[in-house]
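Let me begin by presenting the structure, written as structure tokens, before commenting on it.
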Amino acid sequence: MRRRGIFITLDGMDGSGKSTQARLLGEFLRARGYRVVTTREPGGTPLGEAIRRVLLGRRAPRASALAELALMYAARAQHIEEVVRPALERGQAVVSDRYHDASMAYQGYGRGLGAATVRAFDRIVCRDWQPDLTLILDLEPEESLRRVRGRKQRRSRFEAAGLPFLKRVRAGYRAIARREPERVILVRAGRSVAEVQRDIRAHVERFLHNGRRRRAPRRRQPVPSATVTLPMGAF
Ligand code: TYD
């Protein structure tokens, strides 16, 4: 069936307030008359939530960077099949709190697996299910760390990896935004919820206005070789 809906993803650094922004964006789109599905990764389906618990839960077992990437894409494959694809085919708007850019930033750059490895998974799993618009909430790594350390719940493996890891993750997100300016917009996150949401809504408005043109199939840009030279994370 033909894809008719719109697919918007929010991504970015830990502690950047993505989840709140995703919820508010969902409300905005609903008020504009869209039928909206808000969802998240890893998660969004029973299998995805189980994988989330395995990777981010209290007693998360050791996992190599590649195993971690494969699990993220396993969750994503199920998420596309169960949630993203049916909703887009029904003509709904999907707002996902994280999607494949998180794998590029965290596993590709943060863990040092490199862009080519992530792209290989992406070609198999995401294929026709690329987002129409992605808003990346950009935050200083120091601020990201400060915010996640202030949280009550136990820190995840990613948050525990520390500042050098988060610096690579941020570099990853910024590289994605440079490489795909048509799809990806960086939004400065270290501001009030209302200010960030105002920017997000302005970008989404613009996208909705020009949406048809943007949704034409895009050719992927070649991956610069510099992206695969990063060192392994602190693991
Ligand atoms: P998130 O849901 O934003 O965490 P929280 O709800 O605690 O703010 O993301 C969970 C973590 O998973 C986050 O540290 C980023 C990481 N992650 C990856 O490393 N790769 C991925 O592909 C995805 C989707 C998330």
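Values below: every heavy atom of this structure, side chains too, minus hydrogens, waters and symmetry copies. This structure is a prediction, so every number in the text was calculated from the model and none was measured. Remember, it's 1-based here, ligands and their atoms both numbered in the order they're listed.
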Next on the checklist: Taking 4.0 angstrom as the limit and counting only heavy atoms of Ala102, give me the atoms of ligand 1 inside it, by number and element.
Outcome noted: 20 (N), 21 (C), 22 (O), 23 (C), 24 (C), 25 (C)

Checklist entry - Sequence neighbours excluded, which residues qualify as salt bridge (charged side-chain N to carboxylate O under 4.0 Å, His left out) partners of Arg52? => result none

Checklist outcome for this item: Across all chains, not counting sequence neighbours, the ring-ring contact (aromatic ring centres under 6.0 Å, His included) partners of Tyr73 are Phe121

Checklist entry - Is it the side chain (CB and beyond), the backbone, both or neither of His100 that lies under 4.0 Å from ligand 1, heavy atoms counted? => result neither

Next on the checklist: Considering both backbone and side-chain atoms of Arg40, is one of its nitrogen or oxygen atoms within less than 3.5 Å of a nitrogen or oxygen in ligand 1?
Outcome noted: no

Item to check | Proximal atoms of ligand 1 relative to Gln107 (non-hydrogen, under 4.0 Å) | outcome: 18 (C), 19 (O), 20 (N), 21 (C), 22 (O)

Checklist entry - Looking just at side-chain N and O atoms, do Asp138 and Tyr173 make a donor-acceptor pair shorter than 3.5 Å? => result no

Checklist outcome for this item: Numbered in order shown, the ligand 1 atoms found under 4.0 Å of a heavy atom of Asp14 are 13 (C), 14 (O)

Checklist entry - Under the criterion ring-ring contact (aromatic ring centres under 6.0 Å, His included), which of Trp129, Tyr34, Tyr99 is the partner of Phe7? => result Tyr99

Checklist entry - Heavy atom under 4.0 Å from ligand 1: found in Leu56's side chain, backbone, both, or neither? => result side chain

Checklist outcome for this item: Short version for Arg76: what comes under 4.0 Å of ligand 1, heavy atoms counted, is side chain

Checklist entry - Taking the minimum heavy-atom distance to atom 2 (O) of ligand 1, which of Arg52, Lys18, Arg98 ranks first? => result Arg52

Checklist entry - Is there a nitrogen or oxygen of Glu41 sitting under 3.5 Å from a nitrogen or oxygen of ligand 1? => result no

Next on the checklist: Testing the 3.5 Å rule here: is there a donor-acceptor pair between the side chains of Gln130 and Asp122?
Outcome noted: yes

Checklist entry - Would you call Asp14 and Arg147 a salt bridge, taking side-chain N to carboxylate O under 4.0 Å as the test? => result no

Item to check | Cluster overlap Val54 with Leu69, hydrophobic side-chain contacts below 4.5 Å | outcome: no

Next on the checklist: At less than 4.0 angstrom from any non-hydrogen atom of Met72, what atoms of ligand 1 do you find?
Outcome noted: 17 (N), 18 (C), 19 (O), 20 (N), 21 (C), 22 (O), 23 (C), 25 (C)

Checklist entry - Between Thr9 and Ser96, do the side chains contain an N or O donor and an N or O acceptor separated by less than 3.5 Å? => result no

Checklist entry - Which atoms of ligand 1 are found less than 4.0 Å from any heavy atom of Pro42? => result 23 (C), 24 (C), 25 (C)

